[in-house]
Amino acid sequence: MSYQDDKRELLKLKQGIIEESEIITEAEKPHYELHGFKRVENFFYHYKWHVIVGIFFTAVVVFFAYSLIAKEQGDMRVLLVTKSHEVTNNVTYKVKEFEQGLEKFCPDFDDNGYIHVEVYNIDLSENSSSEYMLAGVTKATSEIMFGEAQMFIVDKKGLEALTDGNFRGLINIEEMFPDCPYADGIYLSVKESPLAAAAGYMEACPEDLYIVVRDMNTVTENVDRAKKANEKALHVLRNIIDGYMEGWVDDQGRIYGVDKEG
């Protein structure tokens, strides 16, 4: 067809003489079918940030779940959760001292002759990066879900962040131990307790640092595991309040259970 024929056909379309033309058709956009690596490359180009974020969250959850399942368990596990900048800076380097202090009040629950309390430090303070804080919250959530951690050492901001301000899932230590002078509701003051002395932390210990324990009546996940861990936490809590040490320390600082034959 010539240019003039196309022009006449177009004029007929504009005037409504004809509704469609066999001469003039709208060019279809070419459709390309991607295969193999090109298809993967195109998907990643459009959704790369979704993939990266998904991989990060999956990796964090898998790592903590594997750590909980594969790691050899100690006699007891405690979470150290702080959010106040001043408290966090003070306790960050005291994890080992807290472990050794708690071990003196902890029985040899697994009867292997050696006592070990695992203290996991979770920093929720403003000076930690958002990724690190997210990892900390994920770790704490995993521990609570698996039921292994029933005792927590916290500052008040850390506890509020951990529980979203809902403290109904914690035991009232003051009601359980009415004669304890340093118990206040759900809080047991670390600084005033024998734990501070056992950890060599009496003077430097912040006022805003407390022991809290979960209430088994509110636990709905992994109940059997949580119940055993909760019994351990209450046993150690009672020893701390009574100042009763069940472990002894050798010259290298290792904590051992009481000699049952002695």
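- Checked by atom type and distance alone, the side chain of Asn230 pairs as donor or acceptor with a backbone atom of Arg214 at under 3.5 Å.
- A donor-acceptor pair is defined here as one N or O able to donate and one able to accept, closer than 3.5 Å; such a pair exists between the side chain of Asp155 and the backbone of Lys83.
- The pair Glu246-Arg238 fails the salt-bridge criterion, with no side-chain N (NZ, NE, NH1 or NH2) lying under 4.0 Å from an Asp/Glu carboxylate O.
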side-chain contact (heavy atoms from CB on, under 4.5 Å) evaluation trace for Met151 with Leu234: CA-CA 8 Å; Met151 177 181 286; Leu234 290 175; over 6 Å; no
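- Taken to the nearest 0.5 Å, the CD atom of Glu148 stands 10.0 Å off from the CG atom of Asn222.
- Between Val236 and Pro107, the closest side-chain pair of non-hydrogen atoms falls below 4.5 Å.
- With a 6.0 Å radius and a threshold of 12 heavy atoms from other residues, nucleotides or ligands, Lys157 has its NZ atom at or below the threshold.
- A distance-only check finds no donor-acceptor pair linking the side chain of Asp110 to the backbone of Gly74 [under 3.5 Å].
- Contact detail for Asn90 and Lys94: the closest heavy-atom pair is O-CG, 3.7 Å.
- Rounding to the nearest 0.5 angstrom, the gap separating the OG1 atom in Thr82 from the CG atom in Asn121 is 6.0 Å.
- Atom CG of Asp224 has 12 or fewer neighbouring heavy atoms from other residues, nucleotides or ligands inside a 6.0 Å radius.
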Residues Val91, Leu80; criterion side-chain contact (heavy atoms from CB on, under 4.5 Å); working and verdict: CA-CA 9 Å; Val91 304; Leu80 174 60; 4.1 Å; yes
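- Put simply, the side chain of Tyr201 does not reach to within 4.5 Å of the side chain of Glu97, judged on heavy atoms.
- Going from atom CE of Met245 over to atom NZ of Lys104 covers 5.5 Å, rounded to the nearest 0.5 Å.
- For the atom pair His116 NE2 and Arg77 CZ, the distance stands at 9.0 Å (nearest 0.5 Å).
- Both Tyr120 and Leu159 are assigned to one and the same hydrophobic cluster, defined by single-linkage of ILVMFWY side chains at heavy-atom distances under 4.5 Å.
- Taking each heavy atom of Glu221 and Val219 in turn, the nearest pair found is O-CG1, 3.5 Å.
- When atom types are taken as modelled, the side chain of Asn112 and the backbone of Tyr114 share a donor-acceptor pair closer than 3.5 angstrom.
- Note on Val212 and Phe167: same hydrophobic cluster, where clusters join Ile, Leu, Val, Met, Phe, Trp and Tyr whose side-chain heavy atoms are under 4.5 Å apart, directly or indirectly.
- For the pair Phe98 and Ile153, the minimum side-chain heavy-atom distance is below 4.5 Å.
- Considering all non-hydrogen atoms of both residues, Val119 and Val95 come closest at O-CG1, 3.4 Å.
- Taking all atoms of both residues into account, the shortest heavy-atom contact from Asp75 to Cys106 is CB-SG, 4.0 Å.
- Note that CG of Leu237 and CG of Leu102 are 10.5 Å apart. Values are rounded to the nearest 0.5 Å.
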Worked verdict on Gln100 versus Lys96 for side-chain contact (heavy atoms from CB on, under 4.5 Å): CA-CA 6 Å; Gln100 292 178 341; Lys96 190 65 179 177; 3.9 Å; yes
Sequence neighbours left out, cut at 3.5 Å: what donor-acceptor pairs do the side chains of residues 176-198 make with other protein atoms?
residue: Tyr182; atom: OH; partner: Ile241; partner atom: O; Å: 3.3
residue: Ser189; atom: OG; partner: Glu192; partner atom: N; Å: 3.4
residue: Lys191; atom: NZ; partner: Met202; partner atom: O; Å: 2.7
residue: Lys191; atom: NZ; partner: Glu203; partner atom: O; Å: 3.1
residue: Lys191; atom: NZ; partner: Cys205; partner atom: O; Å: 3.1
residue: Ser193; atom: OG; partner: Val190; partner atom: O; Å: 2.8
residue: Ser193; atom: OG; partner: Leu195; partner atom: N; Å: 3.3

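- We find the CD-CD distance between Glu103 and Glu118 to be 10.0 Å, quoted to the nearest 0.5 Å.
- Ile173 and Met216 fall into different hydrophobic clusters, where Ile, Leu, Val, Met, Phe, Trp and Tyr residues are linked whenever their side-chain heavy atoms come under 4.5 Å apart, directly or through other members.
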